[in-house]
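Everything on this sheet refers to the single structure shown next.
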Amino acid sequence: MLSTTRTPAEKRQAFREGLASGTLQRFPGAFTPLSAPLIQELGFEGAYISGAVMAAELGLPDIGLTTLTEVAQRGREISRMTDLPTLIDADTGFGEAMNVARTVQELEDAGVSGLHLEDQVNPKRCGHLDGKEVVGLDTAVQRIAAAVAARRDPGLVIMARTDIRGVEGLAAAADRAKALEAAGADAIFPEAMASLEEFAAIRAAVDVPILANMTEFGKSALFTHQQLRDVGVDLVIHPVSLLRIAMGAIERELLELRETGTLDGAVPRMQTRARLYELNDYAAYGAFDERVFDFEVPGAP
Ligand SMILES: C[C@](O)(C(=O)O)[C@H](CC(=O)O)C(=O)O
Ligand SMILES: [Mg+2]
C-alpha cells in the first residue's frame with residue numbers, strides 16, 4: 001500500500017544482480033506510473049522511463065526541452081509505484097560535467113535504479129533520426145566521469161549511451177564504447193544499431209553489460225528477445241511502445257465514439273474498474289482504514 005516496500009538501494013542491488021545474471025533483463029517503458037505495477041505483475045525484470053515519452057506527454061518534441069526537475073519528478077512517480085528496478089533516460093545530462101553531477105544526485109534522490117547519459121550535442125534528438133551530432137571524445141568521457149564521481153550510492157547504475165553509430169559508423173561506436181567503459185560506465189547503450197551483428201560487435205568490444213533499444217519505427221529492426229540473447233545483449237528496452245499502443249487504442253475508440261455516440265461496444269476492450277483498483281492496491285487502503293477506526297484505546301470510557 002502507498003508505495004513500493006523496497007528501498008532504492010535494494011532495487012539498485014536487484015538491477016545489478018539482474019545485469020550480472022546472464023539472463024536478458026526486459027524493461028518495457030512505463031509510459032505512465034500506473035503501467036509500472038502492471039509491468040511488475042506480468043513478470044518483467046524492470047521498467048524503463050523514457051525521455052521521448054515524457055516530452056511527448058508535455059506536448060514537446062524530444063529535443064532536450066524537458067527540464068531536470070520534470071524528469072526527476074517523473075522518475076520518482078514511476079519508481080514509487082513498483083518494486084522493480086527503474087532505468088531513466090537522462091538525455092545529455094542537462095549540461096556539461098557540473099550539471100551532469102547535479103543530474104545524477106537529483107535522479108538518485110528520486111529513487112531510480114539507473115540512468116543513461118548520451119553523447120549527443122544539444123539540441124539532442126531521437127537517436128533513431130538522421131542529422132544527429134555527437135560531442136568529442138573528451139566531453140563524452142567527462143560526462144560519464146562526472147556522473148560516476150557524483151553518485152553517492154555506489155549501487156546506482158550509470159549507463160553511457162553513444163549515438164556515434166549513426167554519425168561515424170560501427171567502428172567508431174565500438175571505440176567510443178570502450179572509452180566510456182574505461183571512464184567508469186557500468187553499462188553501454190549503443191544507439192541505433194543496424195543489425196544483430198552490430199550488437200555482437202559492441203558485445204565483443206566491452207566487458208560491461210549492453211542494452212538494446214527496441215523502439216518502433218526506428219533504425220533497428222524489432223529483434224526478438226531470443227535473438228538479442230543469442231548475441232549477448234543483457235538488457236532490452238521497449239521505450240515508447242506502451243504509449244504507442246495506448247494512443248493507437250485511444251484514437252480508434254474516439255473514432256468509434258464520434259461515429260456511434262456510445263462507447264458501449266468498447267467496454268470489453270477496456271481495463272475494468274476492478275483491475276484498475278487491483279493495480280492501485282485499493283483493497284489494502286480499505287483494510288488499513290478499518291484497522292485505524294477499529295482501534296480501541298485501552299481503559300478509555
Ligand atoms: C530511448 C529514447 O531515448 C527514449 O527517449 O525513450 C528514444 C526512443 C524513441 O524516440 O523512439 C531514442 O532516442 O531512441
Ligand atoms: Mg530519449
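We count ligands from 1, going down the list as the structure has it; atoms in each ligand are counted the same way.
Using a 4.0 Å cut-off between charged side-chain N and carboxylate O, E278 and R275 make a salt bridge. With respect to the salt-bridge test (charged N to carboxylate O, under 4.0 angstrom), the residues R252 and E256 do not qualify. The pair E216-R244 meets the salt-bridge criterion, since a charged nitrogen lies less than 4.0 angstrom from a carboxylate oxygen. Contact check on R151 versus D153 returns no salt bridge, with no Lys/Arg side-chain nitrogen under 4.0 Å from an Asp/Glu carboxylate oxygen.
Listed by number with element, the atoms of ligand 1 under 4.0 angstrom from any heavy atom of S50 are 4 (C), 5 (O), 6 (O). Applying the 4.0 Å criterion to heavy atoms of T215 picks out, from ligand 1, the atoms 8 (C), 9 (C), 11 (O). Near R244, meaning under 4.0 Å from one of its heavy atoms, ligand 1 places the atoms 11 (O). If you number the atoms of ligand 1 from 1 as listed, the ones under 4.0 Å from a heavy atom of H128 come out as 14 (O).
Remark: aromatic rings of Y277 and Y282 are close, center separation under 6.0 Å.
Not one N or O on the side chain of R125 forms a donor-acceptor pair closer than 3.5 Å with the backbone of I63. Looking at S35, its side chain does come within 3.5 Å of a backbone N or O of T32 through a donor-acceptor pair.
With 3.5 Å as the limit, one finds a donor-acceptor pair spanning the side chains of S79 and T86. For the residue pair T262/T260, the side-chain donor-acceptor check at 3.5 Å is not satisfied. With no hydrogens or angles considered, no side-chain donor-acceptor pair links D109 and Q105 at under 3.5 Å. Donor-acceptor pairing under 3.5 Å is recorded for the side chains of T162 and D119. Remark: the D234 side chain and the Q25 side chain contain no N/O donor-acceptor pair separated by less than 3.5 Å.
Protein heavy atom in closest approach to atom 10 (O) of ligand 1: C126 SG, 3.1 Å. Among all non-hydrogen protein atoms, the one lying nearest atom 13 (O) of ligand 1 is G127 N, 2.7 Å. Closest to atom 7 (C) of ligand 1 among all protein heavy atoms lies A52 CB, 4.3 Å.
Under 4.0 angstrom from ligand 1, the non-hydrogen atoms of N213 all belong to its side chain. Contact annotation: for H116 versus ligand 1, there are no heavy atoms closer than 4.0 Å.
Under the 4.0 angstrom criterion for non-hydrogen atoms, K124 is not in contact with ligand 1. Under a 4.0 Å heavy-atom criterion, R161 is in contact with ligand 1. A heavy-atom separation below 4.0 Å is found between Y48 and ligand 1. Heavy atoms of E191 approach ligand 1 to within less than 4.0 angstrom.
Considering backbone and side-chain N/O atoms, G51 comes within less than 3.5 Å of an N/O atom of ligand 1. Considering both main-chain and side-chain atoms, V240 never comes within under 3.5 Å of ligand 1 through any nitrogen or oxygen pair. In terms of polar-atom proximity, I237 is not counted as a contact of ligand 1, lacking any N or O under 3.5 Å from an N or O of the ligand.
Neighbouring protein atoms of the Mg ion (ligand 2) (N, O or S, distance under 2.8 Å, waters ignored): D89 OD2.
Qualifying ring pair (Phe, Tyr, Trp, His ring centres under 6.0 Å) partners for H238, counting only residues two or more places apart in sequence or in other chains: H225.
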Go through the steps to decide whether T92 and E118 satisfy the test side chain to side chain donor-acceptor pair (under 3.5 Å), and finish with yes or no. CA-CA 5 Å; T92 57; E118 69 203 32; 5.9 Å; no

